[in-house]
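Take a look at the structure below.
Numbering of residues begins at 1 and proceeds along the displayed sequence.
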Amino acid sequence: MTVGAAATVADWLDRAATVRPRAELFIDGRFSPAASGETFEDIAGRDGSHIASVASGGVEDVDRAVAAARRSFDDRRWSDQPPATRKRVLLRLADLVREHLDELALLESLDVGKPIRDTLSVDVPSAANTFQWYAETIDKTYGEVGPTGPDALSMVTREPIGVVGAIVPWNYPLIISAWKLGAALATGNSVVLKPASQSPLSALRLAELASEAGLPDGVLNVVTGPGAVLGSALARHAHVDKITFTGSTEVGKSLLRAVGESDVKAITLELGGKSPQIVLADVGDLEAAASTIGWGIFYNSGQTCNAGSRLIVHRSVSGELVERIAALGRELAPGEPLDPATRLGSIVDDRQLARILGYVDLGRSEGATVVAGGMRVREESGGYFIPPTILDGVDNRWRVAREEIFGPVLTVTEFDDEDEALAIANDSPFGLAAGLWTRDVNKAHRMSRRIRAGVVWVNTFDAADITVPFGGYKQSGFGRDKGRHALDGYTQLKTTWFDLSGK
Ligand code: NAP
């Protein structure tokens, strides 16, 4: 069997035809059906075909998963293991993810419609690297001793929060699950993971691999089924101590209400975005900028929270830049995700396809000119494909500039001076990320400080590394994934005083 990057489209199609993924709930180290016995259909974006019938869990299943997680946390079967042992387990998990590269890449491509070249080279390796990185932190994290004088010893230590409910979206299922699991497990928590209904398969396989790596039963559980039922049950559950959520701002707000109305459990939210790409007149190499800006919106068919979806460009370079991005867009025609030559895959499902096309129509009616893409293609495949799309002449007050489209759609808004550019960039409910393009280093520093976003890329876009935090300002949420700062979100500080006076 040909594997990895050497496999051809025929190899991948053969494998896709025979794949039989585990699709039941993973609770207390075992797969089991939903209490109701119900399932839902998992559909491939590439051709609309059935991949698996997945257990459709309910409140009773959440109770079972939380009880398993609670037991495993309360008896300290994971958190009390020596750091070197916990590190070995997570390193083994990283290795197992690498060893199952083909299998996980195929599941992810089928579920999400991502090109197999990306899942092989980005999604799976990045998930493995995340587990490795967090494993390495386990025996390198120290507490503090407070400067409280000679008659006292005050120790400041970090303890795991307890049972974590992790709710994740469909656009980067493995990567985002790994961010949350890596940090939560490294700090000794137990987890109930709820993947999105469009993309449940890689999370289930990951849980099985974690068990094989030596993670004790009950420490990682996966529940599948309707988010409105399962997510809300987790957020309101008295035995869940923390919710970590990545997804839409709308659902994030509902989770915030749920934890407020129940037991004010800890919560972090990584939400939507509408990231600006500000291009000044002195941008320099227009071709290089066009390529990075184009990939910054079109990668993963625009289904990326930090996608640079608003081009805010100086009038003097706008025409040429937009033409170059449109030329790149024409080169990037979407294709069969399982063909290793394909660089843009499908949209995740028919609902998302309709939503994106609805926004293109809205843009037209608001007054935008569609200068590239804008329609469904490859309909004969049965899948959901939209080519790179550019809406030119957009006013930042229009809905297409304010709402997250979550598709390969770039809006173009021109400006005349830099204060105006910053005002347009910051005039958004979101603040996840931003790009700034200029050759002037002073301007780059001055302006990047004034952009209200959690990540600012200067003369680049979408640079990413597990070593640095990722997360947003404003309605893009709060708390951070990735890097050492993420560990704070899965621990609580304890101050312990000892009297040394001898009284
Ligand atoms: P979503 O609709 O908010 O769903 C996210 C997760 O929440 C899914 O597991 C979903 O389960 C569950 N869910 C749905 N309704 C729920 C409810 N009422 N209560 C609790 N949980 C609920 O988001 P999505 O469509 O999967 O993902 C796209 C969104 O994620 C975009 O807005 C994107 O910007 C955001 N995102 C943000 C980041 C970041 O780091 N800031 C990263 C990636 C994506 P079901 O699938 O079963 O409904």
Side-chain angles (χ1 to χ4, degrees), residues 1-22 42 44-47 49 51-52 91-133 168-179 181-182 195-196 198-210 212-213 295-296 298-304 331-348 381 383 385 408 462-466:
M1 184 171 53
T2 320
V3 294
T8 63
V9 61
D11 295 328
W12 288 113
L13 290 171
D14 276 356
R15 276 202 222 180
T18 54
V19 75
R20 297 284 174 272
R22 295 305 298 257
D42 184 15
R46 54 180 276 276
D47 62 356
S49 65
I51 313 171
L91 287 177
R92 177 77 189 120
L93 174 57
D95 284 344
L96 284 171
V97 169
R98 290 190 185 102
E99 285 167 26
H100 292 81
L101 171 69
D102 278 25
E103 182 193 350
L104 289 166
L106 179 60
L107 290 180
E108 204 79 329
S109 283
L110 287 175
D111 255 357
V112 188
K114 286 171 184 282
I116 192 78
R117 65 191 279 155
D118 291 342
T119 53
L120 283 171
S121 64
V122 180
D123 298 74
V124 180
S126 165
N129 187 45
T130 297
F131 286 118
Q132 178 171 334
W133 197 82
V168 296
W170 48 261
N171 58 341
Y172 293 89
L174 255 184
I175 291 180
I176 294 174
S177 297
W179 292 350
L181 294 177
Q198 293 95 332
S199 59
L201 301 178
S202 57
L204 290 167
R205 188 67 179 112
L206 200 55
E208 205 179 11
L209 292 177
E212 191 181 329
W295 276 110
F298 303 139
Y299 184 76
N300 208 36
S301 297
Q303 301 165 118
T304 301
E331 260 177 55
L332 293 179
E336 164 58 68
L338 297 183
D339 183 342
T342 292
R343 293 192 289 171
L344 279 197
S346 73
I347 302 303
V348 72
S381 67
F385 296 86
D462 221 3
D465 198 76
I466 189 61

For this session: Could you tell me the separation between the CG atom of Leu181 and the CD1 atom of Ile176, rounded to the nearest 0.5 Å?
Result: 12.0 Å

Exercise. About how many Å separate CH2 of Trp12 and CG of Leu110, when rounded to the nearest 0.5 Å?
Worked result: 9.5 Å

Exercise. Is Asp111 reaching over with its side chain to a backbone N or O of Leu201, donor-acceptor style, under 3.5 angstrom?
Worked result: yes

Seminar exercise, completed: Residue set satisfying side-chain contact (heavy atoms from CB on, under 4.5 Å) with Gln198, at least two apart, ordered chain then number -> Trp170, Ala196, Val348, Asp349

For this session: Please list, chain by chain and in numerical order, all residues satisfying side chain to side chain donor-acceptor pair (under 3.5 Å) with Gln303, sequence neighbours excluded.
Result: none

For this session: Can you see which heavy atom on Pro173 is nearest to which on Lys114, and at what distance?
Result: CD-CE, 4.3 Å

For this session: Look at Glu99 together with Arg92 and state whether they make a salt bridge at an N to O cut-off of under 4.0 Å.
Result: yes

Problem set entry | Point-to-point distance, once rounded to the nearest 0.5 Å, from CG of Leu206 to CG of Leu93 | 6.0 Å

Problem set entry | Thr8/Asp11 under side chain to side chain donor-acceptor pair (under 3.5 Å): CA gap, chis, key distance, verdict | CA-CA 5 Å; Thr8 63; Asp11 295 328; 3.2 Å; yes

Exercise. What distance do Ile116 atom CD1 and Thr342 atom OG1 have between them, rounded to the nearest 0.5 Å?
Worked result: 10.5 Å

Exercise. Between Thr119 and Ala105, which heavy-atom pair has the shortest distance, and what is it?
Worked result: OG1-O, 3.2 Å

Seminar exercise, completed: dist Phe385:CZ -> Arg46:CZ (nearest 0.5 Å) comes out at 8.0 Å

Exercise. Between the side chain of Glu108 and the main-chain N/O of Asp123, is any donor-acceptor distance below 3.5 Å?
Worked result: no

Exercise. Nearest heavy-atom pair of Ala7 and Pro340: which atoms, and what distance?
Worked result: O-CG, 3.3 Å

Seminar exercise, completed: Ile347 and Ser301 have their tightest heavy-atom pair at CD1-CB, 3.8 Å

For this session: Of all the heavy-atom pairs spanning Phe131 and Ala94, show the shortest one and how long it is.
Result: CB-CB, 4.0 Å

Problem set entry | Those residues that, when tested against Ala463, pass side-chain contact (heavy atoms from CB on, under 4.5 Å) (two or more places apart) | Trp457, Thr460

Exercise. Heavy atoms, side chains only, cut-off 4.5 Å: are Leu101 and Leu120 in contact?
Worked result: yes

Exercise. Counting distance only, does the side-chain N/O of Asp118 pair as donor-acceptor with the main-chain N or O of Asn300 below 3.5 Å?
Worked result: no

Seminar exercise, completed: Here the gap from Asp339 atom CG to Leu13 atom CG, rounded to the nearest 0.5 Å, amounts to 8.5 Å

Exercise. For Trp179 and Val168, what are the C-alpha separation, side-chain angles and deciding distance, and is it a side-chain contact (heavy atoms from CB on, under 4.5 Å)?
Worked result: CA-CA 10 Å; Trp179 292 350; Val168 296; over 6 Å; no

For this session: Specify the closest pair of heavy atoms between Leu96 and Leu209, including all atoms of both residues, with the distance to one decimal.
Result: CD1-O, 3.4 Å

Problem set entry | Sub-4.5 Å side-chain heavy-atom contact between Arg98 and Gln132 | yes

